[in-house]
Amino acid sequence: MNENTQKLTFGAMLVAVFGVLLLLNRQTGGMLEDTFMFLFPIPLVAFSARYGWKDSIPVFVCTVLISIFCGIFTSAFYASTQSFIGVVYGSCLHAKRDRNRTMLLVMALSTVSNLLSSIVLASLFGIDLQADMEMMQTTMTQALESAGISMSGDQSRALELIMQPDSLMRMFIVSMIFLGVVQGFIICQLSVLVLRRLRFPIQKPAPISSYYPPKWTGVLALLLFLGYGMSMTMEQTTGRQELLRVLLQTGGLCAYMYLLCFGFVAALFLLRAYGPSSRAINVVLSVLLFFIIPQAFVILGFLYISTGFHDLLLFKMEERVKGNGRRA
């Protein structure tokens, strides 16, 4: 078969699969939309992984058009953004880019998509998020009062600050960022699983131990986290001081999650170097410690990113593997 004909046939088949997903989503009243969010990128990942981003543009345009014809505005927006993510991810696979960096890129795009869908689309459809936060504050206050929970002193002030509509809005934004990161990770893993089943030549990812995040990001994240603690003691005002407080709290929460992620990796490597020889036990211990002492994971994350602690852990892990090899 002629290569152009094969390309056209393959693209048409994937657009048809994409259209079937949209029709199923519409016939079920959007009940499966959250599930299909992870499936919408896969057709474009498959095509762009085989032919590259230039040949994927016509297929992407067709998926955008069919999403407009077969769905409402919100589902069309979701489908189009996920198709774009699929093109980016598949093109990186086609160009044999580093899999870890590609995953970070997909996570970033998923985060931007989540923020646009939850904030921009809400304003376009006349949804007042601030009013929703105020309603949530009222509901939470009533729930605490009905449960007979009373706070005093510093606990009362901390709870009052957390339950402010502005604080709830910031937590909502941070949760959207976190969900975007998780969604990007699942999209990458699911796409690779499907492509391998279809016998696509997918390069193996580099081990996470070989990835070195920029050292300045660890310093910046720690400063933002410390700024978050300072912002909790600031009085709620107006003007530039309030804007600074909002930025510190939002950035501090994102920095906190960033340090926690690399802190978890550092704790896992630390247990591999000095802890039990079973990897399953190390993972379980890391998860338990993650929930018991998250502050320690913040410190470990900073040391792992911005100091030589990363190299020290790798050296100790290699020494332990060599030592076990000699004993065997």
Side-chain angles (χ1 to χ4, degrees), residues 97-108 110-111 174-175 177-193 196 202-229 251-328:
R97 307 283 185 187
D98 180 68
R99 284 271 301 279
N100 291 326
R101 294 181 184 274
T102 301
M103 183 181 295
L104 292 177
L105 176 61
V106 173
M107 288 178 177
S110 297
T111 300
V174 171
S175 67
I177 294 174
F178 178 74
L179 288 175
V181 170
V182 174
Q183 180 180 328
F185 176 79
I186 294 176
I187 287 173
C188 290
Q189 298 303 318
L190 188 60
S191 299
V192 169
L193 180 64
R196 282 180 175 169
I202 304 296
Q203 68 272 23
K204 294 182 178 180
I208 192 171
S209 59
S210 66
Y211 177 67
Y212 286 79
K215 292 187 176 182
W216 62 267
T217 60
V219 178
L220 178 62
L222 184 63
L223 292 175
L224 286 174
F225 177 67
L226 295 176
Y228 171 78
L253 287 172
C254 295
Y256 178 66
M257 291 190 295
Y258 178 71
L259 292 173
L260 280 181
C261 289
F262 283 101
F264 182 82
V265 175
L268 193 60
F269 289 168
L270 193 62
L271 287 172
R272 287 185 184 177
Y274 299 101
S277 57
S278 173
R279 292 194 175 187
I281 294 177
N282 290 335
V283 172
V284 172
L285 287 175
S286 299
V287 172
L288 290 176
L289 293 172
F290 180 84
F291 289 105
I292 296 172
I293 46 173
Q295 295 81 3
F297 279 71
V298 171
I299 298 172
L300 282 176
F302 168 72
L303 295 175
Y304 184 84
I305 296 170
S306 300
T307 68
F309 190 54
H310 185 169
D311 293 325
L312 176 63
L313 289 177
L314 293 182
F315 176 74
K316 293 296 183 181
M317 288 169 59
E318 289 177 359
E319 274 194 339
R320 185 171 187 179
V321 171
K322 291 178 181 178
N324 292 337
R326 293 193 194 100
R327 292 174 188 173

Say you draw a straight line from [atom1] of [X] to [atom2] of [Y]; how long is it, rounded to the nearest 0.5 Å?
| X | Y | atom1 | atom2 | answer |
| --- | --- | --- | --- | --- |
| F269 | M317 | CZ | CE | 5.0 Å |
| F302 | T217 | CZ | OG1 | 10.0 Å |
| L268 | F264 | CG | CZ | 5.5 Å |
| L223 | W216 | CG | CH2 | 12.0 Å |
| I186 | M107 | CD1 | CE | 9.5 Å |
| Y258 | L222 | OH | CG | 12.0 Å |

- With S286, which of L270, L271, V265 fulfils side chain to side chain contact (heavy atoms under 4.5 Å, CB included)?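 When L270, L271, V265 are each tested with S286, the side chain to side chain contact (heavy atoms under 4.5 Å, CB included) holds only for L271.
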- Would you find a donor on one side and an acceptor on the other, under 3.5 Å apart, between the side chain of N282 and the backbone of P276?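 At least one qualifying donor-acceptor pair exists.
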- Is L260 close to Y256 at the side-chain level, that is, under 4.5 Å between some pair of heavy atoms?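 Counting from C-beta outward, Y256 and L260 do come under 4.5 Å.
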- Query: Is there a side chain to side chain contact (heavy atoms under 4.5 Å, CB included) between F315 and D311 once you walk through the steps?
  - Reply: CA-CA 6 Å; F315 176 74; D311 293 325; over 6 Å; no
Distance-minimising heavy-atom pair for [X] and [Y]:
| X | Y | value |
| --- | --- | --- |
| A267 | L300 | CB-CD1, 4.1 Å |
| L224 | A255 | CB-CB, 3.8 Å |
| I305 | K215 | O-CG, 3.4 Å |
| Q183 | S110 | C-OG, 4.4 Å |
| A266 | L313 | O-CD1, 3.7 Å |
| G180 | T111 | C-OG1, 3.7 Å |

- Any idea how Y212 and H310 line up, ring-wise: parallel (<30°), tilted (30 to 60°), or perpendicular (>60°)?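 Ring orientation, 0 to 90° scale: parallel.
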- Message: Would you say CZ of F309 has more than 12 non-hydrogen atoms from neighbouring residues, nucleotides or ligands within 6.0 angstrom?
- Response: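 Result for CZ/F309: enclosed.
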